[in-house]
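Reading through the structure tokens given below for one structure.
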Amino acid sequence: MILGQNQYGKAENRVVRITRDGTTHHIKDLNVSVALSGDMEDVHLSGSNAAVLTTDTTKNTVFAFAKEHGIASAEAFGIALARHFVAGQPSIRTARIRLEEYAWARIETPGPRRHSFVRENQETRTAQVTFDGTDWEIVSGLKDLVVLNSTDSEFTGYLKDRYTTLPETRDRILATRVQACWRHASADADWDPVYRQAREHLLGAFADTYSLSLQQTLYRMGTRVLENCLGIEEIRLSLPNQHHFLVDLEPFGLTNDNEVYHAADRPYGLIEATILREGAEPRIPADMTTLA
């Protein structure tokens with residue numbers, strides 16, 4: 001038998017870092033998963049742990065780095081961890097750090113004290129940092145960004161067969177829960193502004209596109225990010241079509257003029273695609289849209 005790809009690490013380390021600037025506090029809330037790979041044949045084949053840095057150590061490193069280095073951004077924190085693990089142990093060849101960031105909004109109150117927060121019920125920011133001692137790969141993204149257009153969407157002209165029951169429509173609700181990840185051209189970027197810019201263009205393209213299909217909307221969203229974020233080489237989007245069906249109100253003697261809908265959470269159409277800058281190499285795996 002031959003040992004194939006293998007990795008190990010500590011998953012889902014929840015770390016909250018508070019930075020105190022007088023009476024004004026700042027919060028970073030991350031979920032960090034560490035995966036290490038390299039010269040690990042012996043631990044699998046003979047049980048020797050001589051080349052193994054314990055998963056407990058990787059957990060401790062996450063918390064120690066939060067104290068020693070702070071958390072400027074998810075990407076910067078992941079870069080620091082990946083560099084440390086690969087440079088620190090000769091048996092570790094590659095480190096992959098996956099991060100989720102949970103956003104908190106400040107609760108503004110009278111007076112100088114600014115230390116209260118409310119969890120923002122929006123998307124989760126994501127990042128994956130991979131380092132093999134020479135090359136970096138940084139993939140940022142988001143998940144569970146719920147958006148809806150109440151008009152400017154239609155769906156007509158599609159193939160039909162004996163099982164087709166869906167009626168064509170010239171005016172429908174278009175809603176989705178955006179899962180997106182984008183690959184940076186380098187490991188040197190101003191991570192927070194780039195994230196905000198990419199998010200802004202995803203939302204802008206969704207709102208501005210008169211949609212003839214969710215595929216068209218997806219392509220426009222990805223294209224707009226690449227057009228405006230020059231440091232991004234590739235973006236992959238996964239858009240579940242969160243269907244809204246007009247409710248039949250005729251039994252009650254009422255007319256439903258595109259006003260009352262049933263929101264169906266499943267089953268749902270699932271539209272996925274990668275958009276690349278001209279000449280870029282596709283590297284984001286098809287199953288990585290959700291960085292869970």
Quick check: does any side chain N or O of Asn256 sit under 3.5 Å from a backbone N or O of Val260, one acting as donor and the other as acceptor?
yes
With a 3.5 Å distance limit and no angle check, can you tell me whether Glu168 reaches the backbone of Gly157 through a side-chain donor-acceptor pair?
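Flag set: sc Glu168 to bb Gly157 pair under 3.5 Å.
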Between the side chains of [X] and [Y], does any donor sit under 3.5 Å from an acceptor?
X      : Y      : result
Arg98  : Ser33  : no
Asp192 : Ser73  : no
Gln197 : Tyr195 : no
Thr57  : Thr54  : yes
Ser140 : Glu75  : yes
Ser211 : Thr217 : yes
Glu272 : Ser238 : yes

Could you pull out the closest heavy-atom pair between [X] and [Y], with the gap in Å?
X      : Y      : result
Asn6   : Ser37  : O-CB, 3.3 Å
Gly9   : Thr58  : C-OG1, 4.5 Å
Ala175 : His244 : CB-CE1, 3.6 Å

Sequence-distant partners of [X], ring-ring contact (aromatic ring centres under 6.0 Å, His included), two or more places apart:
X      : answer
His26  : none
Phe245 : His243
Phe252 : none

Find the distance between [atom1] ([X]) and [atom2] ([Y]) and round it off to the nearest 0.5 Å.
X      : Y      : atom1 : atom2 : answer
Arg125 : Leu145 : CZ    : CG    : 13.5 Å
Thr151 : Asp171 : OG1   : CG    : 3.5 Å
Leu30  : Asn13  : CG    : CG    : 10.5 Å
Leu239 : Met221 : CG    : CE    : 5.5 Å
Asp152 : Leu174 : CG    : CG    : 10.0 Å

Measure the shortest side-chain to side-chain distance between [X] and [Y] over non-hydrogen atoms and say whether it is less than 4.5 angstrom.
X      : Y      : result
Gln242 : Leu148 : no
Val139 : Trp182 : no
Asn149 : Ile173 : no
Leu202 : Leu142 : yes
Met40  : Gln7   : no

What do you reckon, is [atom1] of [X] surrounded by more than 12 foreign heavy atoms closer than 6.0 Å?
X      : atom1 : result
Tyr219 : OH    : no
Asp188 : CG    : no
Tyr268 : OH    : no
Lys67  : NZ    : no
Glu250 : CD    : no
Glu12  : CD    : no

Report the C-alpha distance between Thr124 and Asp144 in whole Å, list the side-chain angles of each, state the deciding distance to 0.1 Å, and finish with yes or no for side chain to side chain donor-acceptor pair (under 3.5 Å).
CA-CA 6 Å; Thr124 298; Asp144 299 329; 4.9 Å; no
Excluding sequence neighbours, so at least two apart, what forms salt bridge (Lys or Arg N to Asp or Glu O under 4.0 Å) with [X]?
X      : value
Glu259 : none
Arg220 : Glu227
Arg224 : Asp208

Contacts under 3.5 angstrom, residues 76-97 side chains, donor-acceptor by atom type, not counting sequence neighbours:
from, atom 1, to, atom 2, distance (Å)
Ser91, OG, Ala51, O, 2.7
Arg93, NE, Asp39, OD2, 3.3
Arg93, NH2, Asp39, OD2, 2.8

Does the distance from a Lys or Arg side-chain N to an Asp or Glu carboxylate O, for [X] and [Y], drop under 4.0 Å?
X      : Y      : result
Arg199 : Glu123 : yes
Glu154 : Arg170 : yes
Glu234 : Arg277 : no

Among all residues two or more places apart in sequence or in another chain, which pass the side-chain contact (heavy atoms from CB on, under 4.5 Å) test with Val16?
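In terms of side-chain contact (heavy atoms from CB on, under 4.5 Å), with neighbours along the sequence ignored, Val16 is linked to Ile18, Ile27, Asp29.
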Can you name the side-chain contact (heavy atoms from CB on, under 4.5 Å) partners of Asp161, sequence neighbours left out?
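Testing Asp161 for side-chain contact (heavy atoms from CB on, under 4.5 Å), a comparison that skips the adjacent residues, returns Tyr163, Thr164.
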Audit row: Glu137, Arg283, salt bridge (charged side-chain N to carboxylate O under 4.0 Å, His left out) steps and yes/no:
CA-CA 9 Å; Glu137 185 171 274; Arg283 283 202 236 156; 3.2 Å; yes
Which hydrophobic side chains are connected to Leu230, either touching it within the sub-4.5 Å cutoff or through other members that do?
none
Kindly give the cluster partners of Leu212, where membership spreads through any ILVMFWY side chain lying under 4.5 Å from a current member.
Tyr210
Determine whether [X] and [Y] fall in the same hydrophobic cluster, where Ile, Leu, Val, Met, Phe, Trp and Tyr are linked whenever their side-chain heavy atoms lie under 4.5 Å apart.
X      : Y      : answer
Ile271 : Val225 : yes
Leu276 : Ile235 : no
Tyr261 : Val247 : no
Leu203 : Ile232 : yes
Val52  : Val34  : yes

Sorted by first residue and then second, give each ring-ring contact (aromatic ring centres under 6.0 Å, His included) pair with at least one member in residues 124-160; sequence neighbours left out.
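Output for this query lists Phe131-Trp136, Phe155-Tyr158.
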